[in-house]
Each structure stands twice: as structure tokens, then as C-alpha cells.
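Reminder, nothing fancy here: chain letters follow the sequence lines and each chain counts from 1.
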There are 2 protein chains.
Amino acid sequence: MTSDSIARIRRFNRAVTTETGALDSSFLGRGRPLGVARVLNAVGHGMTDVAEIRDYLGLDSGLLSRILRSLEGEGLITTAPSADDARRRVATLTEAGAQEYQAYEDLSDAQAQNILNRHPKPQALLAAMDLVASALGRDRIDIRECDPAGEDAIYCFNLYFAELSRRFEEGYDAVKAGPPDADQMRRPKGAFFIAYSDGLPIGCVILKGYGRDWAEIKRLWVADSARGLGLAHRLMAAAEDAALSLGITTLRLDTNHRLPEAIAMYRKTGWYEIPRFNDDPYPDHFFEKKLG
Amino acid sequence: MTSDSIARIRRFNRAVTTETGALDSSFLGRGRPLGVARVLNAVGHGMTDVAEIRDYLGLDSGLLSRILRSLEGEGLITTAPSADDARRRVATLTEAGAQEYQAYEDLSDAQAQNILNRHPKPQALLAAMDLVASALGRDRIDIRECDPAGEDAIYCFNLYFAELSRRFEEGYDAVKAGPPDADQMRRPKGAFFIAYSDGLPIGCVILKGYGRDWAEIKRLWVADSARGLGLAHRLMAAAEDAALSLGITTLRLDTNHRLPEAIAMYRKTGWYEIPRFNDDPYPDHFFEKKLG
DNA sequence: GCAGATATCTGACTTATGTCAGCTATCTTC
DNA sequence: GAAGATAGCTGACATAAGTCAGATATCTGC
């Protein structure tokens, strides 16, 4: 069984490296070496700081310098000293550079679309890819404080609501839970965090504050494909850190018996059950935790 | 939805290329450039013919020549003119080469094992990897005529029986279906085919002959992860070709109503239903097809 | 303002990889 | 056995990628 498993993983590696050789070569086909294309891509993704690019792509200082010069020579980027530290340099796309970047994006998109079109069960394929990507990329999952009214936040909330609808016998209607107040999820009252894996949101948590010394944890969500990787713990830790930094000493949350893994996790991490503290129709379990 | 799908595929590509950069570098760490290691690997996998290696790895004739020379210099391989065409050369591993090849294999295995160990749901991860690998590698699925008593054949049969057990209400007992007669699955009576995706068996079919002008199709199996890729058609085509080359003009098969996709496929590809022609307890549908 | 740290750049070098034309030995066909 | 095809080898060259030791400008802490 184990040796069969290893054979399967190795087959996967072969299949994927062969294919992603082709995927990477979508960066080619525009008459530019891979290294140069990768840097252009990094700048296009908003990585302007030279040091940041170097770090992200793992390039030598001298090598990156030459690549930047080459992109400048092509008229695709301009570099200038950073405003707050003249030793540092920042790179920005020129108009031609933005066009070229977009051309690479379009190529990548077309490539991805092609894989989808050729598969009989695209949804199953996507789910499998998500699972694999989360597993392989678990060390690269990062949790960022985000705008609770942003596009990614809405993406997370919709998946969270969909999950609740599946779990609850009676379904779930986001409207009944009351309208959200984004200010309560933003500093100085509260905070909002999204967990990203290579740019895809795969989890979130709200710290909903009222300007008092207690706050609520809401909408703790982890994507199916990322379950079991300890992401819920990390999100909760981020929320608790934020709470402490806002002078909040007590957290509360409500939940439902149809979410037993969550309840088990709360009990294991210092939460204790308390009486109902709101009249929300969905929750039937209420927890509290003292911080600090 | 579509643009979300594309984002997910691209995230997958990023995650996997980053990780498989690490995977490929397991080929490194032994003080040998990737190209050289790949050739050593190809020879270790039984690719002795120089032209075959060149084709498989997509290398330039001159480049491969130099790499072979370098491996010879290290004492890992020997090359000699081919017995039946002295222009061609064949490469073989020396003892030191076999050891070095094994060292690479062990590294790859350890790397794969490591991925498994770190995941909370290894079986789900493997299933997802299989699905992705079959999808990406569908152009590289090849069907080979194999020994029906070999290790891979037994692997396929076990998965086939497991599938039937799941499908049939009353389960499935391979013993009741009668003992296999390997000679009937080998030329000149019959034939046996396995579909391989990067070395992993993902489908099979038996052409079971009796030295007469009709034969039976048995154990047509396609792995879950490879459904929908047209593999059953390709396996059947291989079996039909083999039948024609053996002078067989009529094929028969039996199946069960719990395998509706298979029955639908038979009806669409020239098979017509006939009365029961054996007393096997499991089948309840019987088909025939005229070839040529 | 000075010492030491930091960020980037330049030049000189190496290695890996790929390309191509021409060479030699061998095979196939007539 | 001669003509042309084929397989692999060699030499000459090109490019991509990476390494490393200074050089230069700037920042930070004292």
C-alpha cells in the first residue's frame, strides 16, 4: 500500500512537471527568456521593490540587476530610487510593459482554460487541484489583514454561507443573520483576516468589535481543500493577536451543533461554554474566552 | 465562475511548479546537473537505445552524445554498437551506475513519502493527484500488450474486483467467476492490454480466446481517476485489433445492469444484445459484435 | 559628522544547455 | 558494389543562468 502510494505520487510529479514544463513555456513564445518573463510578471503583480522581487524569485542581486536593466532596455519598466530610502529602487511598468504583462496573463489564462475544456468533469478536476495545491503549498499559506468589504472578503463569505446551507437541515439565509457593519470589522473596532494560498483565499475570520473590552469572532471559515492543515488555529491566533492589540480582553462566539469540528476545536483552545448572549436564530452553542 | 476556475488552475500551477522545482532538485543534491541525471534515469528505466532516450527527453543529438560521454567518464554507463544495426548505440548501466540510479530513486521515494506524511488525509490527496495526473497526462497514456500473469495485471484485476464489489448489491467474489486460464489471454489464443499513465496502470482489458473464430472481452476496467477520457474506447480498439490479427471475427461479452455506463458504451460502439451464453452467476446482460 | 551597515550595481567568471554544420561509419536499395 | 539514407559524434558557437568580489551611494546609530 505504501509503496503503491509512493508510485502514485511520483507518477503525479512526472505528469505535472512534464505538463508544467509546457505551462512554464507559456512564459516563452514571446521571445523572452524565462527569468526575464518571471521578473516582468512579478512587477506586474505589484512587486515593485527590487529587494522584494529578489526575495520572491530567489535571484542573485547581480542577476536581478541585469534582468531589470534588460527590461528597461526593452522599455517595459522604469526604475527609480525609493522615496523613503534612496538606496532602494522601485520598478514600475511602463505602458508597453503593462501590455506585455497582460499578454502573458492572457496566455496563462488560455492555457488554464484549455485544460478545463478538455476535461469531462471540470469541477472535480478543480477540486482535486485545490486539494493538491493546498497540500503542497501549505508552507506558503499566509494570513493577511484585509478589507471586509473587498472582493476577496465577499468571495469568502459566499463560500462560508454555502457551507452553512449545506450543513444546516433548515438551510441558511444570510439575510436573517442581520446586515453586516463593515466598521465593526475594521480597526480600531475590529479586524478581518483572509488566509491566502498562492493568491487564492482559502479561509477567513472576522473579529467584530464594538469599541468595548469584548468582541465577537464571526465567520470562521476554512475551504474544504485546506481542512486539517491547522489553518483554523492560525486564523484564530491572528484574530486574538489583533484583539489584544486593540485592548480587547474577552472574546465571544456563537455556533451550531452541526459544526462539531469547530466546537471541538474551541473546547481544545481555551474556550468555555456560556449562556446564549444574542437572539440570532441559527446558533445553539455559545462560547467565551479570556485573553492575555 | 469561469474566471474563478482559471484563477484556481493558475494557483495550482504556481503551487506545483514551486514544489516540483523542489521535486526536480531531488535530482540535484548529488552533484550532477539535471540533464545528466535525467539521462541516467532514462537508462535506469530500461531505455537503452540512444535514439529512444533522445526522443523521450527531447534532446539534441549532439547534446545527448556529450551527456553520454560524461556519464561514461564517470563510469556509470557503458555504450556499445547495437547488435542488429551497428550505426545505433545502446547504453547500459554499470554496477556503479545502477547504484547511483537507485540513489536517485530512493531520494524521489523519500520526497514522495514526505508529502504523504505531512498530510491529514493521504488517501484523499492521492486520489486528487491521480485525477490531476490523468487529466494532464491524457496525451501520454499508452496501451501496451502485457503478460496477464504479471504484477501489473494482478494490480489491475484487484482494483477491478474491488470496483465490482462496490457496485453489486450482493458484492463480488472473484473465486465464483472461475479460475483464470492465462493461456487464453495470451497469443496465439487471446491478448491482454494495460493502459499506462506515466508508468501507473489505469485501465486494462482481456481478449479471451479459445482457438476458435470467436472470443470474449473480459475485465474491461478503467480507474476512477481516468473516467471520461475515452480510455475504454481505446482499450476496446486495442482488443479488437488484436482479435482481427488473430483471425477472430466475432466478440462476445457479459456484463451487469449495475454497470450502466459500460452498457451504454457497448450499445454505441456496434455491440448488440444476445441471449445468455454462459452460466456465470454475476452477469445479466450479454452482447456480441461482428468485426471486420 | 563618522563608522559601520545596507541596497544596488558592475565586471569577470563559470556552468548548463541548446544549436548547427559537417564528419564518419554503417545500412538499404538497386 | 555504388548511391543515397541514417545514426551518432565532434567542433564551434550562442544563450541563459548563476556566482562572487569589489565599487558606489545611502542610511542608521552614536
Quick one, which residues of residues 70-85 of chain A touch DNA chain C with a heavy atom under 4.0 Å? none
Residues from residues 60-68 of chain A lying under 4.0 Å of DNA chain D - heavy atoms: Asp60(A), Leu63(A), Arg66(A)
For Thr94(B), check side-chain contact (heavy atoms from CB on, under 4.5 Å) against everything at least two apart and list the hits. Thr78(B), Ala96(B)
Here the salt bridge (Lys or Arg N to Asp or Glu O under 4.0 Å) pairs for residues 91-106 of chain B, sequence neighbours left out, are Arg10(A)-Glu105(B), Arg30(B)-Glu100(B), Arg32(B)-Glu100(B)
Contacts satisfying salt bridge (Lys or Arg N to Asp or Glu O under 4.0 Å) that involve residues 185-194 of chain A (not counting sequence neighbours) are Glu145(A)-Arg187(A), Asp147(A)-Arg186(A), Asp183(A)-Arg186(A)
Taken in chain and number order and not counting sequence neighbours, the residues that satisfy side chain to side chain donor-acceptor pair (under 3.5 Å) with Thr79(A) are Glu72(A), Arg89(A)
Donor-acceptor pair, Ser134(A) side chain versus Leu131(A) backbone, under 3.5 Å? no
Excluding sequence neighbours, so at least two apart, what forms ring pair (Phe, Tyr, Trp, His ring centres under 6.0 Å) with Tyr101(B)? His45(B)
List for me each residue that meets side-chain contact (heavy atoms from CB on, under 4.5 Å) alongside Ala243(A), sequence neighbours excluded, and say none if there are none. Leu207(A), Ile248(A), Leu251(A), Leu291(A)
Test side chain to side chain donor-acceptor pair (under 3.5 Å) applied to Ser61(A) - qualifying residues, sequence neighbours left out: none
Between which nucleotides of DNA chain D, read 5' to 3', does contact with chain A run, using atoms under 4.0 Å from its heavy atoms? dA16(D) to dC27(D)
For Ala135(B), which residues count as a side-chain contact (heavy atoms from CB on, under 4.5 Å) partner, sequence neighbours excluded? His119(A), Leu125(A)
Rounding to an integer number of Å, can you tell me how far Arg88(B) CZ sits from dT28(C) C1'? 14 Å
Pairs involving residues 44-56 of chain B, ordered by first then second residue, that meet salt bridge (Lys or Arg N to Asp or Glu O under 4.0 Å) (sequence neighbours left out): Asp49(B)-Arg88(B)
Could you tell me the separation between the CZ atom of Arg69(A) and the P atom of dG11(C), rounded to a whole number of Å? 11 Å
